Amino acid sequence: MSLPSNLPQEFLRIKIYGSSSDSDGNTVSGTFSIIDSNGNEIAVIERSWSGSYLAVEFSRVGADGKYFVFPSRIYGKNRIIEERRERSKGTQLEKYYDDYGQCMLLGYGSSLKARKKLYRIAAFATGKYRLPAFGLITRFSIDLSACRPDRYYSISFSADGDYVVEEL
């Protein structure tokens, strides 16, 4: 059984509530919904992060000419040009869609075998298992500083692996 690439697919729906500042620093709050391959919401994360802006890190693994993309972390940052330590903090996302040895990013209608296979790929791509990656994994961040408060946005990937952030 061969897995199809999980592209094209919408992965996240976002609503930024806004940011605030106090003596402890800046915080920005929002809600992130993780979306499965059928367009259904499988988890919602609503909270505040330290920083003035938000970004989402994705992990992409390529094998056999296919690409698999996984949202891996939401984090706050204080400048458009981020510092490496900002990226290491934040909310890990893998636990919200990898459940009981299955990757729930594959929606209703997918087989248990396919979800288990994608779970192993997701766990490898997001660093859950400390294995040598041999250059198979690419991590990149999508800056959400252009997202305006109280509007809904979507992050999706096209068939060729390019991402799109668009207002809904």
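Keep in mind it's a predicted model, so treat the numbers as computed, not measured.
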* Structure fact -> Between Ser52 and Ser19, the two heavy atoms sitting closest are O-CB, 4.3 Å
* To do: Check Ile35 against Gln9 and note the closest heavy-atom contact, atom names and distance.
  =>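 So the two residues come closest at O-NE2, 3.6 Å.
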* Asked: Picking from Phe32, Tyr96, Phe11, what satisfies side-chain contact (heavy atoms from CB on, under 4.5 Å) with Pro71?
  -> Phe11
Can you tell me how far apart [atom1] ([X]) and [atom2] ([Y]) are? Round to the nearest 0.5 Å.
X	Y	atom1	atom2	value
Ile142	Cys147	CD1	SG	10.0 Å
Ile14	Ile45	CD1	CD1	10.5 Å
Ser37	Leu106	OG	CG	5.0 Å
Lys116	Ser111	NZ	OG	11.0 Å
Asn26	Lys77	CG	NZ	14.0 Å
Arg115	Met104	CZ	CE	5.0 Å

Taking [X] for its side chain and [Y] for its backbone only, find out whether a donor-acceptor pair lies under 3.5 Å.
X	Y	answer
Asp36	Gly39	yes
Ser158	Asp162	yes
Asp143	Ser145	yes
Asp98	Gly101	no

Classify the side-chain pair [X]/[Y] by whether it contains a donor and acceptor separated by less than 3.5 Å.
X	Y	value
Ser59	Thr126	no
Ser141	Glu57	no
Glu166	Ser154	no
Ser72	Arg139	no

* Take Phe140 and Tyr163 through the side chain to side chain contact (heavy atoms under 4.5 Å, CB included) test and state the conclusion after the steps. => CA-CA 11 Å; Phe140 58 93; Tyr163 69 86; 4.2 Å; yes
Does any non-hydrogen side-chain atom of [Y] lie less than 4.5 Å from one of [X]?
X	Y	result
Val69	Val61	no
Leu12	Tyr153	no
Glu10	Ile155	no
Asp150	Lys15	yes

* Determine, stepwise, if the pair Tyr53 / Val28 fulfils side chain to side chain contact (heavy atoms under 4.5 Å, CB included). => CA-CA 6 Å; Tyr53 310 102; Val28 59; over 6 Å; no
* In terms of hydrophobic clustering (I, L, V, M, F, W, Y; side-chain heavy atoms under 4.5 Å; direct or indirect links), are Leu136 and Leu118 co-clustered? -> yes
* For atom OH of Tyr17, is the number of surrounding heavy atoms from other residues, nucleotides or ligands below 6.0 Å larger than 12? -> yes
* Stepwise side chain to side chain contact (heavy atoms under 4.5 Å, CB included) test for Tyr75 and Thr91 -> CA-CA 6 Å; Tyr75 62 97; Thr91 303; over 6 Å; no
* Asked: Can you say whether the rings of Phe70 and Tyr97 are parallel (under 30°), tilted (30 to 60°) or perpendicular (over 60°)?
  ->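 Ring orientation of Phe70 relative to Tyr97: parallel.
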* Asked: Can we call the ring centroids of Phe157 and Phe58 under 6.0 Å apart?
  ->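 Yes, the ring of Phe157 comes within the 6.0 Å limit of the ring of Phe58, centre to centre.
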* To do: Before giving the answer on side chain to side chain contact (heavy atoms under 4.5 Å, CB included), spell out for Thr31 and Ile16 the whole-Å C-alpha distance, their side-chain angles and the decisive distance to 0.1 Å.
  => CA-CA 6 Å; Thr31 183; Ile16 309 287; over 6 Å; no
